[in-house]
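The sequence lines fix the lettering, A, B, ..., with proteins before strands; numbering per chain opens at 1. Treat the numbers as computed from the prediction; the structure is a model and nothing was measured.
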Amino acid sequence: MANIIDARGRSCPEPVIMTKKEIDKNPNSSFKVLVDTYVAAENITRFVTGKGYNVNVDKNNEEFEINIKK
Amino acid sequence: MGGKRKMFIYGGIIGLIGAILMKLGNPGNMGICIACFWRDIAGALGLHRAEVVQYIRPEIIGIIFGAFAISYLTGDFKVKGGSSPLIRFVLGFFLMIGALVFLGCPLRMVLRLANGDLNALVGLAGYVSGIFIGVQFLKKGYTLGKSIDQGKVAGFIFPIFAIVLLIFLVIKPAFILFSTEGPGSMAAPVIISLVLGAIVGIALQRSRICTAGGFRDIILIKDSHFLWGLIGLFVCALVGNLILNFDSFNLGFEGQPVAHTENLWNFLGMTLVGLCSVLLGGCPIRQTVLASQGDTDAGITVIGLIIGAAFAHNFGLASSGAGTTANGRIAVIIGIVFVLAVAYGVILSTTKSKSQTKGVANNG
């Protein structure tokens, strides 16, 4: 199962840092990041897209599930 | 439209409005300044008695209304809080001390630079240094912890505060103080300030522009997205000033309005501001916008800014055109040491709790 990073409730820029740490640790893995604000979802999407990953964001109620794949 | 171009345009709108508000009567190089304007509001409410800086700035009310309304319409309005409120208060407090020793928030720093004030360049160097130090803490695992959902009513307190301020501004009750001379007496017409403030609030909310974020992301993740907002802000304010405020454009260090030339303290004041902004997750404008869209932690931070401004004037910490004060210089040093200690303490407790969690997991 893909790794899940729970960045809900974290203030800017912690969700991006948590994502960056996962990428630095396992550059080829697929993983999910959970966030609860648009801004965090936008920032992470921009960051990983810039790093050459594929991103797919699912919105469930008030939360976002960001699926990141190489 | 590309993200960077969009950011440039949003920043540009804010920069241009800064130039327009200065043309229409706001103090020199202070078309918009979040620190100065909250300080003026603190003075108008009688929280400090510096008679030259007391006014309920309609731009702030406009920014709150604009950010609140657009976030409500777009679904960005979310009521959250509970992430280290007291630490945020203290960081907001010291951020304001640093800003008032320099004489401006990071936004005014850019606007000052866009009208030729090179002291702001020294401030910028200090600001980036403070951000750089803050980023090192972020890399080491600094966090203020998770925020959680709060009752929706909490999100309305800040917009209601703005309505109360607007009522005070319009009916001018005797207990609200208005400067009759000095920067506090210089103001663009109320309606125009309110409307332009609302446009600034909308632009800030939609773009998520943060002066600290611009530099922080370059240092932390080599991303220039937010920096383009700041470039747009600077360029459009510069062009706006050259067209609208050409007589006041003055390239140099000396004779700049509401500014002083003490390089060391311009630098260190803004170092404190940069450090606090990164540790808070956003500069004063970003905090004001977040507070307007339901972030009660940002609301506490803004209260820290207001109380910081009150102390800065009651204790003679704030600088003036004549220069810094001895008290102000001491306060900046205390602020930097204290904030570094708090950030270090946060990291210590975070790593400790992490290793404890691991221990429990291993034992289990």
Heavy-atom contact with chain A under 4.5 Å, split by part of [X]:
| X | value |
| --- | --- |
| B:Tyr142 | backbone |
| B:Lys139 | backbone |
| B:Leu220 | both |

Please classify the contact of A:Glu42 with chain B as side chain, backbone, both or neither, using a heavy-atom distance under 4.5 Å.
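Contact with chain B: side chain only.
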
Side chain, backbone, both or neither of A:Asp36 within contact of chain B (heavy atoms, under 4.5 Å):
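Its backbone and side chain both get close to chain B.
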
Any salt bridge linking B:Lys78 with B:Asp149? Criterion: basic side-chain nitrogen under 4.0 Å from a carboxylate oxygen.
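No, this pair does not count.
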
Of B:Ile131, B:Leu340, B:Leu91, the residue whose pairing with B:Leu275 passes side-chain contact (heavy atoms from CB on, under 4.5 Å):
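When side-chain contact (heavy atoms from CB on, under 4.5 Å) is applied between B:Leu275 and each of B:Ile131, B:Leu340, B:Leu91, only B:Leu340 qualifies.
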
Qualifying residue, where the test is side-chain contact (heavy atoms from CB on, under 4.5 Å) with A:Phe31 and the options are A:Asn26, A:Ile4, A:Ile23:
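Result for side-chain contact (heavy atoms from CB on, under 4.5 Å) with A:Phe31: A:Ile23.
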
Where is the tightest heavy-atom contact between B:Ala99 and B:Val273, given as atom of each residue plus distance?
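Closest heavy-atom pair between B:Ala99 and B:Val273: N-CG2, 3.3 Å.
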
Using the ring of each side chain (for Trp, its six-membered ring), is B:Phe161 parallel, tilted or perpendicular to B:Trp38, with breaks at 30° and 60°?
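Taking B:Trp38 first and then B:Phe161, their aromatic rings lie parallel (interplane angle under 30°).
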
Over 60° means perpendicular and under 30° means parallel, so classify the ring planes of B:Phe215 and B:Tyr127, tilted if in between.
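If you compare the ring of B:Tyr127 with that of B:Phe215, the planes turn out perpendicular.
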
Using heavy atoms and a sub-4.5 Å threshold, report which of residues 276-296 of chain B line up against chain A, by residue number.
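The list, in residue order, reads B:Gly281, B:Arg286.
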
Are A:Tyr38 and A:Phe64 close enough that their ring centres sit under 6.0 Å apart?
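So the answer is yes for these two rings.
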
Who wins among B:Arg216, B:Lys80, B:Lys222 for the most heavy-atom pairs under 4.5 Å with chain A?
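Among B:Arg216, B:Lys80, B:Lys222, the one with the most close pairs to chain A is B:Arg216.
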
Flag for A:Arg8-A:Thr37: side-chain donor and acceptor within less than 3.5 Å
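Checked: A:Thr37/A:Arg8 side chains show no N/O donor-acceptor pair below 3.5 Å.
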
Side-chain donor-acceptor distances from residues 49-58 of chain A under 3.5 Å, at least two apart:
residue	atom	partner	partner atom	Å
A:Thr49	OG1	A:Thr45	O	2.4
A:Tyr53	OH	A:Pro27	O	2.5

